[in-house]
Number of protein chains: 2
Amino acid sequence: MALRRTGLSVTSITTCWGPDVFSQTAEYAIRAMIEIATRPDGKPVLSADLADALGIPPQYLSKLLQSLVRTRILKSVRGRQGGFSLVKSASTVKLRDIIEPFDDLRKYEECILGQPVCNEAGACPLHDFWSVVRQQYLDELSTKSLQDLADYQLDKLHTMNAGLFRRVGAVPGKQTVKDQKAEQK
Amino acid sequence: MALRRTGLSVTSITTCWGPDVFSQTAEYAIRAMIEIATRPDGKPVLSADLADALGIPPQYLSKLLQSLVRTRILKSVRGRQGGFSLVKSASTVKLRDIIEPFDDLRKYEECILGQPVCNEAGACPLHDFWSVVRQQYLDELSTKSLQDLADYQLDKLHTMNAGLFRRVGAVPGKQTVKDQKAEQK
DNA sequence: GTACTACAAGACCTCAATGTCTTATAATCC
DNA sequence: GGATTATAAGACATTGAGGTCTTGTAGTAC
């Protein structure tokens, strides 16, 4: 399964790393939104703090959050006491709202085998199977809210206050970027 | 959803085209295998003929098929009367066998949200949902055989002898690359 | 109003999947 | 055995997602 290289070139077809449900960008967005939603108070969160807590490249996260500001599910405040915060309640933000700015869901309307026409009238061999799975996925995106995700995450953290997660930003006493800078002085 | 470009660079995060179930390469492989399996006789099929019938870049398809020869689900014969053909019966070739050389299915063991640990003990907010969908998908890969896919395809072609498919290679009288060359002379 | 802080935004870099080009090699027909 | 046909395989080109760097701009504290 590993790449087989001889000299400078690839002998066989380069092995790809397989399918992703979300793009890397969308995955970052989901995790960041959950993190923001689980912060106890509604205070704006610094992009750098989020990046630090979640292990996401800071600059990249910043641009990503700006995109979400543009789609009106986040707002940003500049200057001191600034940062990113939710525009509306987490329960009204659906998973789909977070993903759509990055992953084109129209992809799911296309045939899984790339046939130009694939519907009930003329389907590809995997149509029946895929149409079921696809619908489950799309339903989940439209149904599940940010609140649901945040609740789940908080519940987990409380019941098993453990070191299983790298992300502990929601835990009181978490060291922020600001704290670290203060220490260095 | 479209790319927003100003001058040479991209203003916002480049919009990705979303998730793919199969990589492009694996998709090609599946379609090629179905095509080979639906050829009436067991005669070897030319790579160029397949590429032509399926609209796949010929050289790329050639390399891809060579990979499948290496994994022993295809065999190739050089020279005249040569081409690619199945090693064993289509009913013993599972969808998984076709995909695995290209798409790393271990990807499906990982967390959909990229958390280092995500199992029953400590799950991400989407774990319950995703573990169901994932299993359905993996089951389909392990269960469905090339014969199933070929039967489905042949059935469709017979019942609705229509112009809905670009691929008509299984239809008797199909013009092959060889035919075209003959015409040009 | 000046210094500071934090978001905003475009240019640029990297890498892997995908696709193309060219040459080598093997099998068959005559 | 020589011409022909078709696979084999490495080198090279392309493209877009992901990621970094640098500079600009806006808001706040004092």
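Source: prediction; values computed, not measured. Here is the naming used below: chain letters follow the sequence lines, and residue numbers restart at 1 for every chain.
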Is there a donor-acceptor pair under 3.5 Å between the side chain of [X] and the backbone N or O of [Y]?
X        : Y        : value
B:Ser131 : B:Asp128 : yes
B:Arg31  : B:Leu54  : yes
A:Thr143 : A:Glu140 : no

If you look at every strand shown and take non-hydrogen atoms under 4.0 Å, does [X] touch a base, only sugar-phosphate, or nothing?
X       : answer
A:Val77 : sugar-phosphate
A:Ser62 : nothing
A:Gln66 : base

Output one line per pair: protein atom, nucleotide atom from nucleotides 23-26 of chain C, and distance, for all N/O pairs under 3.5 Å.
unit_1 : atom_1 : unit_2  : atom_2 : d
C:dT25 : O2     : B:Arg78 : NH1    : 3.2
C:dA26 : O4'    : B:Arg78 : NH1    : 2.2

Determine: side-chain N/O of [X] to OP1/OP2 of [N], distance under 4.0 Å, yes or no.
X       : N      : value
A:Tyr28 : D:dG18 : no
A:Ser23 : D:dA17 : no
A:Tyr60 : D:dA17 : no
B:Arg70 : D:dA9  : yes

Quick one: [X] [atom1] to [N] [atom2], roughly how many Å, whole number?
X        : N      : atom1 : atom2 : answer
A:Leu65  : D:dG18 : CG    : P     : 15 Å
A:Ile36  : C:dC7  : CD1   : C1'   : 13 Å
A:Leu61  : C:dA9  : CG    : C1'   : 15 Å
B:Gln81  : D:dT5  : CD    : C1'   : 10 Å
B:Leu64  : D:dA8  : CG    : P     : 12 Å
B:Leu74  : D:dT7  : CG    : P     : 12 Å
B:Phe102 : C:dG19 : CZ    : P     : 13 Å
B:Lys75  : C:dA27 : NZ    : P     : 15 Å

- Item | Any side-chain heavy-atom pair of B:Met33 and B:Leu149 under 4.5 Å |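 No; the side chains remain at least 4.5 Å from each other.
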- Report yes if the side chains of A:Asp103 and A:Thr25 come closer than 4.5 Å at any heavy-atom pair, otherwise no.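 Contact flag for A:Asp103/A:Thr25 side chains = no.
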- Item | B:Leu46 to B:Gly83 - nearest heavy-atom pair and separation |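 So the minimum-distance heavy-atom pair works out to CD2-CA, 4.2 Å.
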Determine all donor-acceptor pairs shorter than 3.5 Å in which one atom belongs to a side chain in residues 85-95 of chain A; sequence neighbours excluded.
unit_1  : atom_1 : unit_2  : atom_2 : d
A:Ser89 : OG     : A:Ser91 : OG     : 3.0
A:Thr92 : OG1    : A:Ser89 : O      : 2.7

- Can you figure out which of C:dC29, C:dA8, C:dG10 approaches the side chain of A:Lys63 most closely?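 The answer is C:dG10.
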- Message: Using heavy-atom distances to pick each residue's nearest nucleotide on DNA chain D, tell me which of A:Gln24 and B:Val45 is more 5'.
- Response: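 Here B:Val45 is the residue nearer the 5' end.
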